[in-house]
Amino acid sequence: MRNQPFLHFGLLGIILVLCLARIPSHQAHQQHHFPNPRLRSAYKSLQAWKHAIISDPKKFTSNWYGPDVCSYNGVFCAPALDNPYIETVAGIDLNHQNIAGSLPRELGLLTDLALFHINSNRFCGTIPETFRRLRLLFELDISNNRFAGKFPSVVLCLPSLKFLDIRFNKFEGKVPSKLFDMKLDALFINDNKFRFTIPDNFANSTVSVLVLANNKLKGCFPPDMEKMTRTLNEIILMNNGLHSCLPPDIGNLNKLTVFDISFNNFVGPLPEMMGDMKSLEQLNVGHNKFSGDIPPSICSLPKLGNFTYSYNYFDGDAPSCLELPAKDNRKNCFPEQPLQRSEEDCSSVLSHPVDCAAFGCSTSHLPPPPPYIAPPP
């Protein structure tokens, strides 16, 4: 009988342990001390994210525990914009960590977040609708992951967004035209499965860098591109299935340094006005169906370092083009030059002059090239 009190205490201890074990995990953070409510919310958000991670081979998030969220790997804190005396989570950078998982809705609690970079991981799903609460988000980079579904339209609700990178994922379907009305500085949506017609407001975009490559686009070359003269520095539209002529006013893009429209179905001549693109450094029009002469003014551009025009049907090459140190003119119709198309192949295309007006593009008023004359045997 002397052991009964000890037995009774042991049972109470076991019951107490079991009861404590049943405390909901979401209440655990309430036992920590946080400098301010925003860091308390950040703790709740990051803990939810940690539980949504199913693989972290580099153990990058292994120190994501405890109340000091500012010490977590990849988490960066700074004074709040509306109160410099309050520290808050301002940035997240998990780039190149090979982490697998998803993005929980609790990430919408990080309302002071300005940077969200998670490129080159294995995150899947899509961007939670709660991201619309991130009114200060400036840069969003979720590239090179496994996100899928429709275009993440929640990004259209981010008023401070300037940099959007969703390339190398599995997004599909249409891209909303509203995207091109946003005041972005850089837009990368390449290497997805988007299928859409280039909208009429395309040139409303304020970007300096625009990459749409490796999707499936319909329509003419983007209209009214001269509206982008003040901002556009680089545009890459390669491998999109575009089919039309190039409009003459493309020459107004005099700040453009990179212009890549390779692997499409563009036809007709290169506009003479392209010789006005004085900032151009890289020009790639290869793997299309262009024809006619190469305007000498293009090859005389002062900064042009690389000009690729292979796999077309050009039949007139200026001496200034031949003098370029980095050029690729293979598989065209240049007489007496090596590695060109056969006479039969050239004649099958060049004997049918291109009518650029037939595409119905508002800015296409290019004259057809002269009739093809086969070189003497």
Side-chain angles (χ1 to χ4, degrees), residues 190 208-214 221-222 225-226 228-229 232-240 242 244-343 345-346 349-350 354 356 366-370 372-376:
N190 53 291
S208 61
V209 179
L210 177 60
V211 185
L212 308 182
N214 300 315
F221 185 82
M225 290 288 286
E226 72 275 10
M228 305 178 74
T229 298
L232 192 61
N233 297 130
E234 300 181 21
I235 183 169
I236 300 178
L237 296 172
M238 66 175 291
N239 193 29
N240 276 308
L242 292 171
S244 68
C245 295
L246 289 183
D249 55 17
I250 192 175
N252 292 326
L253 298 175
N254 52 27
K255 291 186 178 180
L256 204 63
T257 60
V258 176
F259 184 52
D260 188 342
I261 56 170
S262 59
F263 292 90
N264 282 287
N265 294 303
F266 288 111
V267 297
L270 294 181
E272 181 73 35
M273 285 185 64
M274 290 183 70
D276 295 333
M277 302 167 75
K278 302 299 184 181
S279 300
L280 207 57
E281 300 173 7
Q282 298 182 41
L283 174 59
N284 191 343
V285 299
H287 291 266
N288 281 284
K289 297 179 181 178
F290 287 115
S291 56
D293 295 343
I294 302 285
S297 58
I298 294 179
C299 297
S300 299
L301 288 170
K303 297 182 180 180
L304 188 63
N306 189 304
F307 184 18
T308 299
Y309 49 104
S310 55
Y311 290 87
N312 281 287
Y313 293 88
F314 293 115
D315 60 351
D317 206 357
S320 55
C321 297
L322 297 176
E323 295 172 1
L324 285 173
K327 70 177 186 306
D328 186 353
N329 68 351
R330 294 170 297 159
K331 295 297 180 180
N332 279 287
C333 300
F334 299 123
E336 301 180 1
Q337 291 196 30
L339 303 176
Q340 299 299 299
R341 296 182 184 273
S342 68
E343 181 180 334
D345 191 9
C346 290
V349 173
L350 298 180
V354 175
C356 291
L366 299 176
Y372 174 67
I373 301 176

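Index from 1, following the sequence.
- Atom CE of M238 and atom OG of S262 lie 4.0 Å apart (nearest 0.5 Å).
- Here the CG-OG distance, from N284 to S310, works out to 7.0 Å after rounding to the nearest 0.5 Å.
- Under the 3.5 Å distance criterion, the side-chain polar atoms of D345 are left unmatched by any main-chain donor or acceptor of E343.
- Judged by distance alone, the side chain of N240 and the main-chain N or O of L212 form a donor-acceptor pair under 3.5 Å.
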Would N254 and D276 satisfy side chain to side chain contact (heavy atoms under 4.5 Å, CB included), going step by step from the backbone distance to the final call? CA-CA 6 Å; N254 52 27; D276 295 333; 6.0 Å; no
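- Looking at T257, its side chain does come within 3.5 Å of a backbone N or O of N233 through a donor-acceptor pair.
- F307 places none of its side-chain heavy atoms less than 4.5 Å from the side chain of L301.
- You'll find the side chain of V267 reaches within 4.5 Å of the side chain of C245, heavy atoms only.
- The distance from atom CG of N264 to atom CG of D260, rounded to the nearest 0.5 Å, is 9.0 Å.
- The closest donor-acceptor contact from the side chain of N332 to the backbone of Y309 lies under 3.5 Å.
- Between the D315 side chain and the F334 main chain, no donor and acceptor come within less than 3.5 Å of each other.
- Counting heavy atoms from C-beta on, the side chains of P222 and L237 come closer than 4.5 Å.
- The aromatic rings of F266 and F290 sit parallel to each other, their planes meeting at less than 30°, with 60° as the upper class boundary.
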Decide yes or no on side chain to side chain donor-acceptor pair (under 3.5 Å) for N288 and N312, but give the supporting numbers first. CA-CA 5 Å; N288 281 284; N312 281 287; 4.8 Å; no
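- Contact of the L270 side chain with the I294 side chain is registered, since non-hydrogen atoms from C-beta on lie closer than 4.5 Å.
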Hey, mind stepping through I250 and M273 against side chain to side chain contact (heavy atoms under 4.5 Å, CB included) and telling me if it holds? CA-CA 7 Å; I250 192 175; M273 285 185 64; 5.9 Å; no
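- Taking the six-membered ring for Trp and thresholds of 30 and 60 degrees, H287 and Y311 have nearly parallel ring planes, at less than 30 degrees apart.
- Side chain of Q340 to main chain of P338: a donor-acceptor pair is present (N/O by atom type, distance under 3.5 Å, no hydrogens or angles).
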Criterion side chain to side chain contact (heavy atoms under 4.5 Å, CB included) on M274 and L246, from CA distance to verdict: CA-CA 10 Å; M274 290 183 70; L246 289 183; 4.2 Å; yes
